2 protein chains.
Amino acid sequence: MNTPVSTSPDRTPRTNARSLQTREALLGAALEVFGRDGFHAASTRAIAEAAGVNQALIAYHFGSKEGLYLAVFEAITQTMNELIGPTHARIEADIDSLDGASPAGRRACLEYLDELIGGAIAMFSQPQALGWTRMVMREQQDPSDAFEIFYGGIYSEMLQSFTRLVAKLTGQSPDDESSRIQALNVMGQLMGFMVARATAMRHLGWQQVGASELSAVRREIRAGLYQRFGEEVPA
Amino acid sequence: MNTPVSTSPDRTPRTNARSLQTREALLGAALEVFGRDGFHAASTRAIAEAAGVNQALIAYHFGSKEGLYLAVFEAITQTMNELIGPTHARIEADIDSLDGASPAGRRACLEYLDELIGGAIAMFSQPQALGWTRMVMREQQDPSDAFEIFYGGIYSEMLQSFTRLVAKLTGQSPDDESSRIQALNVMGQLMGFMVARATAMRHLGWQQVGASELSAVRREIRAGLYQRFGEEVPA
DNA sequence: GTCTATAGTCGGATAGAC
DNA sequence: GTCTATCCGACTATAGAC
């Protein structure tokens, strides 16, 4: 699990439509089964069955069970880039110009924090979000090569943006441990609802943690930030 | 996994010292192995080996692999009761008398919130915390009977206390969804560091998420709460 | 109470036909 | 590219000796 493995052997000429279809089906099924059962407990037979393809094709297309696992993380990272990349780039380009001392600058910081939360919610509102969350969460506990794929994507840059925005608001340096902890605390509030799903559903009487529920969470996080950093919440 | 199973068959007269020793060793090893590998991937062989006992003794003492799994959750819940129960009871008994409109009452609410966070940190600072977190986290995603054991303990009562304290501070009803979300957000900030371990360690350059690191997190959560709810942070 | 031994099942990977 | 068939290792649970 921790020795590097080529993610896609690429014995396959991607021109073949059937081949692409098989790969996509396997990636989708792998997300679901790996997310549900974890790497070890997930069986290639179960994945193949869910994908509606032959079990031997996993080895053919992805080299091994692990190759498929890593390929799923590459797909996750790619989607995250597509969903959050543009918003993140726009915000990142503007942070330096913000004045953390003026009310207008502070409101801009708060709006950007809220936008980043919104980007994360866009991610969590995808139909695959449940599988993503589960797979990433497992990697958080026992990081393998897959965590590097994930963390090496836009995720770590997003945390940097959170940190810089929080630092503007507190007047601290973004290099301070304090700023970094506070940045994680902003994201942590949202992630808690994905990660402690069962608790959230019980405590709130929810039947699911979907887009509308996460929007309610976003409103609370947003209100809390405005209240904390002393600006009036805009209508 | 979802059909009720007796947790301890109790064929064993607990008078026998050796038997108790075996049970404890199995519970400790099970925590570690179930936490690391998850229920399915964990093998009774690995658990027995880690415990230094014979594999067949799992069936003898706990009926089955699942019986052992449930017994671990009972142990977790019991420890949580012992560590947090007294603090929680003291706070719960006092909440009603607090005045959310007066500065003194608000400071008391904030201190109580901080104390509950401290209780959670006491829990997370135990040597078994890593295993606990992992097992509970998995249950959050796919609740089995084990989640009921956990949620039926002091945990849900703690969330109620959080909710009531937050409601006092905001002036809302503790029954409002808003209050409940905010309560989860307070806990979520701390839990994020246990659950997104790898991210926290990377973003902060930490080598571990231990007692001292969690204390730093507690300080930030506390400061954030005071700042948000408009009281001066006491020295 | 604890042990050895094993029955019965299921896992990942691969060889080779098409 | 896809399939069938199979090797071989690992698993849970249990029977039965001590």
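This one's a predicted model, so the numbers in the text were calculated from it and none came from an experiment. Naming convention: chains lettered A, B, ... in sequence-line order (proteins, then strands); numbering from 1 in each chain.
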Identify, with sequence neighbours excluded, every residue that meets salt bridge (Lys or Arg N to Asp or Glu O under 4.0 Å) alongside A:E92.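 Salt bridge (Lys or Arg N to Asp or Glu O under 4.0 Å) list for A:E92, sorted by chain: A:R164.
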Under the salt bridge (Lys or Arg N to Asp or Glu O under 4.0 Å) test, which residues partner B:D142, sequence neighbours left out?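 Here the qualifying residues are A:R134.
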Minimum-distance nucleotide (side-chain atoms of [X] versus [options]):
X	options	answer
A:Q55	D:dC3, C:dA13, D:dA13	C:dA13
A:R45	D:dC11, D:dT2, C:dA13	C:dA13
B:T44	C:dA15, C:dG11, D:dT12	D:dT12
A:A56	C:dA13, D:dT4, D:dT14	D:dT4
A:Y60	D:dG1, C:dA13, C:dA15	D:dG1

If you compare every side-chain N and O of [X] against the phosphate oxygens of [N] (OP1, OP2), does one of them come in below 4.0 Å?
X	N	result
B:H61	C:dT2	yes
B:N54	C:dT4	yes
B:S43	D:dA10	no
A:T22	D:dG1	no

Would you compute the distance between atom OG1 of B:T79 and atom CD of B:E74 and round it to the nearest 0.5 angstrom?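 These two atoms lie 12.0 Å from each other.
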Spacing between [X] atom [atom1] and [N] atom [atom2], to the nearest angstrom:
X	N	atom1	atom2	result
A:F62	C:dG12	CZ	P	15 Å
B:Y69	D:dT12	OH	P	15 Å
A:K65	D:dA10	NZ	P	14 Å

Considering every strand and a 4.0 Å limit on heavy-atom distances, what is the contact class for A:A48: base, sugar-phosphate, or nothing?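 The answer is nothing, as A:A48 stays clear of every strand by at least 4.0 Å.
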Within the 4.0 Å heavy-atom criterion, would you say B:A41 contacts the bases, only the backbone, or no part of the nucleic acid?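 The residue B:A41 makes no contact with any strand.
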Indicate whether any N or O donor in one side chain lies under 3.5 Å from an N or O acceptor in the other, for B:T199 and A:Y155.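 Yes, A:Y155 and B:T199 have a side-chain donor paired with an acceptor closer than 3.5 Å.
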